[in-house]
Protein chains: 2
Amino acid sequence: MPTQLELDNQLCFALYSASRAMTAAYAPLLDALGLTYPQYLVMLVLWERDGERVSQIGKRLHLDSATLTPLLKRLETRGVITRRRSTEDERVVEVFLTAAGKKLEKRAADVPACIFERSGLTVAELTRLRTQITTLTARLRGPTDS
Amino acid sequence: MPTQLELDNQLCFALYSASRAMTAAYAPLLDALGLTYPQYLVMLVLWERDGERVSQIGKRLHLDSATLTPLLKRLETRGVITRRRSTEDERVVEVFLTAAGKKLEKRAADVPACIFERSGLTVAELTRLRTQITTLTARLRGPTDS
DNA sequence: CGCAAGTCAATCGTGTACGATTTACTTTAT
DNA sequence: ATAAAGTAAATCGTACACGATTGACTTGCG
């Protein structure tokens, strides 16, 4: 059992570094689309299903309204989404893609492949690594988490 | 080659989620030590080698002074480090552990093992996963990076 | 020697993250 | 029917990240 406090032995540091390196790799590509990395993640959710509630987007990305509300306001200012309070339940805010937001999906289509090239992984390796990381994430969050 | 824009197929999202889940898992343990997660990483660097310059800490963690300067000031306020301008080179600021900062190392010793338990990984699996993630990180940063 | 180029930390501005609280609305249980 | 409990988003405060600039100091080159 590894109990050492050495930086390079720590899985947590490897993940932290990898996540920031990934964000940095995406940054120039997303910049061309006028998106930050977390904004891109929100767009991914909306491209899968338009009109999602703030809370649903939050569940998908594990982010709360304190993060999402200002982020969504910036996306609205950019003109790629609109926010509308539901008439059935006035507590809920639904988020919709604009025409510009829908158009952006095509331009974003080759972004992941571009990063994949740089990763030097085979498809099988990538899939395996992604699965392992996802399993780890679930374990870290604990059994109480959905 | 995976070109889909689906959230769950994206390695980037898996890494982003895992990194945040890891930070969340550490948070309660580090809170008992009065540290945030990035502050803990800085302490790891200093526990390995005391008196490191700001730029060296930055190289180790891939963080720049815009992030480190305020973080180090907070650690100084907490009383676990001191910052001293080098007399040989007045541009350089060296960071030293206080007695309290050195004492903290013992209390931090069992933190990684605590997380390791929760990960459900064997030591071999953890090592392999960490290596794969580190390799990926290096590739993402590109060949120009040290 | 003397100044241009380089280096190092600090600062500024913007954009996440997240715990905690607030406000508005809805549902539930009397 | 209504007060209590619950839920959804917004807000507030603190702490990263990072691009870009600034200011102080050092080095190197003519």
Side-chain angles (χ1 to χ4, degrees), chain A residues 12-13 15-28 30-31 34-43 52-78 81 83-95 141, chain B residues 12-13 15-28 30-31 34-43 52-78 81 83-95 141:
Chain A
C12 70
F13 178 61
L15 281 172
Y16 168 81
S17 292
S19 178
R20 288 196 302 123
M22 188 64 94
T23 302
Y26 270 88
L30 295 180
D31 197 57
L35 296 173
T36 66
Y37 181 72
Q39 287 168 8
Y40 167 71
L41 294 180
V42 168
M43 294 304 283
E52 209 68 291
R53 310 157 154 218
V54 173
S55 58
Q56 268 309 304
I57 298 173
K59 230 168 243 167
R60 220 48 216 291
L61 303 179
H62 292 277
L63 291 171
D64 69 3
S65 65
T67 302
L68 285 175
T69 297
L71 188 155
L72 291 169
K73 281 181 180 173
R74 284 187 282 269
L75 284 178
E76 193 166 33
T77 302
R78 282 252 161 68
I81 65 161
R83 297 180 308 140
R84 188 159 59 241
R85 225 157 244 287
S86 165
T87 49
E88 294 142 42
D89 187 339
E90 291 275 350
R91 293 171 302 180
V92 169
V93 168
E94 292 162 336
V95 182
R141 287 210 243 262
Chain B
C12 69
F13 178 61
L15 280 172
Y16 168 82
S17 293
S19 178
R20 288 198 301 123
M22 187 65 90
T23 302
Y26 270 87
L30 295 180
D31 197 56
L35 296 174
T36 66
Y37 181 72
Q39 287 168 9
Y40 167 71
L41 294 180
V42 169
M43 295 304 282
E52 209 67 291
R53 312 158 152 216
V54 173
S55 59
Q56 268 310 305
I57 298 173
K59 230 168 242 168
R60 218 55 216 288
L61 304 179
H62 292 276
L63 291 171
D64 69 3
S65 64
T67 301
L68 285 175
T69 298
L71 188 156
L72 291 170
K73 282 181 180 173
R74 285 186 283 269
L75 284 178
E76 193 167 32
T77 302
R78 282 251 161 67
I81 65 162
R83 296 181 308 140
R84 187 159 63 239
R85 206 121 221 164
S86 166
T87 48
E88 294 143 42
D89 187 339
E90 292 275 350
R91 293 169 305 181
V92 169
V93 168
E94 291 164 338
V95 183
R141 287 210 243 263

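None of the values given here were measured: they were computed from a predicted structure. Quick note on labels: first sequence line is chain A, next is B, and so on, each numbered from 1.
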Selection from dA20(C), dT16(C), dA20(D) that lies nearest to any side-chain heavy atom of A66(B) = dA20(D)

D64(A) side-chain proximity, nearest of dT16(C), dC18(C), dA10(C) = dC18(C)

inquiry  = List the residues meeting salt bridge (Lys or Arg N to Asp or Glu O under 4.0 Å) with E94(B), not counting sequence neighbours, and say none if there are none.
reply    = none

task = Answer with base, sugar-phosphate or nothing: what part of the nucleic acid does L71(A) contact at a heavy-atom distance below 4.0 Å?
result = sugar-phosphate

ask   = Is any side-chain N or O of T36(A) closer than 4.0 Å to OP1 or OP2 of dT16(C)?
value = yes

message = With a 4.0 Å limit, can you tell me whether Q39(B) has a side-chain N or O closer than that to the phosphate oxygens OP1/OP2 of dC16(D)?
response = yes

request  = May I ask you to verify if any side-chain N or O of Y37(A) is less than 4.0 angstrom from the OP1 or OP2 atom of dG15(C)?
outcome  = no

inquiry  = Looking at dT16(C), I'd like to know if its phosphate oxygens (OP1 or OP2) sit under 4.0 Å from a side-chain N or O belonging to R74(A).
reply    = yes

ask   = Looking at the side chain of T67(B), which of dT16(C), dA17(C), dC16(D) is the nearest nucleotide?
value = dC16(D)

task = Check if the side chain of S65(A) and the base of dA10(D) share a donor-acceptor pair of N or O atoms closer than 3.5 Å.
result = yes

ask   = Does any N or O donor sit under 3.5 Å from an N or O acceptor when you compare the side chain of R91(A) with the base of dT26(C)?
value = no

request  = May I have the distance from Y16(B) (atom OH) to dA17(C) (atom C1'), rounded to whole angstrom?
outcome  = 8 Å

ask   = How about S17(B) and R141(A): do any of their side-chain heavy atoms sit closer than 4.5 Å?
value = yes

task = Tell me which nucleotide among dA9(C), dA17(C), dT26(C) gets nearest to the side chain of E90(A).
result = dT26(C)

query = Taking five pairs at each end of the helix from dC1(C)-dG30(D) to dT30(C)-dA1(D), what angle separates the two helix axes (nearest 10°)?
reply = 0°

request  = Classify the nucleic acid contact of E88(B) as base, sugar-phosphate or nothing, counting any heavy atom under 4.0 Å across all strands shown.
outcome  = sugar-phosphate

task = Please state how far atom OH in Y26(B) lies from atom P in dC18(C), giving the value in whole angstrom units.
result = 17 Å

ask   = Does a side-chain N or O from K73(A) land closer than 4.0 Å to OP1 or OP2 of dT16(C), or not?
value = no

Contact under 4.0 Å: K59(A) side-chain N or O vs dT7(D) OP1/OP2 = no

inquiry  = In this structure, how many angstroms lie between the P atom of dC18(C) and the CG atom of L30(B), rounded?
reply    = 15 Å

task = May I have the distance from L61(B) (atom CG) to dC16(D) (atom P), rounded to whole angstrom?
result = 12 Å

ask   = Does the side chain of L75(A) reach to within under 4.5 Å of the side chain of L35(A), using non-hydrogen atoms?
value = yes

ask   = Rounded to whole angstroms, how far apart are CG on L72(B) and P on dA17(D)?
value = 13 Å

ask   = Just to confirm, is there a sub-4.0 Å distance from OP1 or OP2 of dA9(C) to any side-chain nitrogen or oxygen of S55(B)?
value = yes

